[in-house]
Amino acid sequence: MTNMRATTVADGKGVTLHYKLSLEGDELVVDTEADEEPMSYLHGAGNLVPGLEDALTGKAVGEVVKVVVSPEDGYGDHDPDAVDEVPRDAFPADLELEVGMQLTAEDEDGNLTPCMVMELHDDHVIVDMNHPLAGEVLHYEVRILEVRDATAEEREHGHVHGEGGHEH
Ligand code: ZN
């Protein structure tokens, strides 16, 4: 008799999935099924937030996984110290600043941090460098489409290649 065993999500597997992410109060953030290609990622490499990665471990192709992830297992708590006051003249003079605008801050070492304009004042601007989903409770609904062995190169890079994955 053949030993039938479902392929399940484990470290070193390349996983392809559709997912829906909503916040408390049912605010929909992402629904790949509705508007995008499925996503692929390398399991066990920290490609996903920890709470979601943990919930997917051991799950099989075809399964639908629903999980609620708290901020500490998601994008972290909202850090008030990451909300900063920046002088107006630090921004390009021809840039029309608007509240809610997403910008990229570059420090002296060339590190890039995404940030969002929160408040506009005459001489300064309040920007928030927290992840946009910091402090949020994340409601995921995931449908696992494919589980395969990742290649040695993918495991070395810490991400999957090809359709829905990393493109070099
Ligand atoms: Zn790569």
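- Atoms CG and CG, from Leu28 and Leu21 in turn, are 7.5 Å apart once rounded to the nearest 0.5 Å.
- Counting non-hydrogen atoms of neighbouring residues, nucleotides and ligands closer than 6.0 angstrom, the CD atom of Glu96 reaches no more than 12 such neighbours.
- Checked by atom type and distance alone, the side chain of Thr7 never pairs as donor or acceptor with a backbone atom of Arg148 at under 3.5 Å.
- Note: Glu136 CD to Leu23 CG = 4.5 Å, rounded to the nearest 0.5 Å.
- In this structure, NE2 on His78 lies 3.5 Å from CG on Asp128, to the nearest 0.5 angstrom.
- Using a 4.5 Å cut-off on side-chain heavy atoms (C-beta onward), Pro80 and Val83 make no contact.
- Atom OH in Tyr41 sits 6.5 Å away from atom CG in Leu52 (nearest 0.5 Å).
- Side-chain atoms of His157 and His166, non-hydrogen and from C-beta on, never get closer than 4.5 Å to each other.
- For the salt bridge (charged side-chain N to carboxylate O under 4.0 Å, His left out) test, no residue two or more places apart in sequence or in another chain qualifies with Lys20.
- The one candidate from Leu17, Thr16, Val15 that meets the side chain to side chain contact (heavy atoms under 4.5 Å, CB included) condition with Pro38 is Thr16.
- Note that OG1 of Thr8 is 7.0 Å distant from NZ of Lys13, once rounded to the nearest 0.5 Å.
- Panel note: side chain Asn47, backbone Gly158; a donor-acceptor pair is recorded below 3.5 Å.
- Between His168 and His159, the two ring planes are tilted [angle within 30° to 60°].
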Can you give each donor-acceptor pair under 3.5 Å made by side-chain atoms of residues 113-122, sequence neighbours left out, with the distance rounded to 0.1 Å?
{"from": "Glu119", "atom 1": "OE1", "to": "His121", "atom 2": "NE2", "distance (Å)": "2.8"}

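- Within a 6.0 Å sphere centred on CD of Glu33, other residues, nucleotides and ligands contribute more than 12 heavy atoms.
- No side-chain heavy atom of His139 sits under 4.5 Å from any side-chain heavy atom of Lys66.
- No donor-acceptor distance shorter than 3.5 angstrom exists from the side chain of Asp77 to the backbone of Asp79, with no hydrogens or angles considered.
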Return all side-chain donor-acceptor pairs below 3.5 angstrom for residues 104-112, not counting sequence neighbours, or 'none' if the list is empty.
{"from": "Asp107", "atom 1": "OD1", "to": "Asp109", "atom 2": "N", "distance (Å)": "2.9"}
{"from": "Asp107", "atom 1": "OD1", "to": "Gly110", "atom 2": "N", "distance (Å)": "3.1"}
{"from": "Asp107", "atom 1": "OD1", "to": "Asn111", "atom 2": "N", "distance (Å)": "2.9"}
{"from": "Asp107", "atom 1": "OD2", "to": "Asn111", "atom 2": "ND2", "distance (Å)": "3.2"}

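- For the pair Glu63 (side chain) and Ile144 (backbone), a donor-acceptor distance under 3.5 Å is absent.
- For the pair Asp54 and Asp73, the minimum side-chain heavy-atom distance is 4.5 Å or more.
- Under 3.5 Å, the side chains of Thr32 and His18 contain a donor-acceptor pair of N or O atoms.
- Using a 4.5 Å heavy-atom threshold, the side chains of Leu56 and Leu48 count as touching.
- By the neighbour-count criterion of 12 heavy atoms within 6.0 Å, atom CD of Glu27 is sparsely surrounded, having that number or fewer from other residues, nucleotides or ligands.
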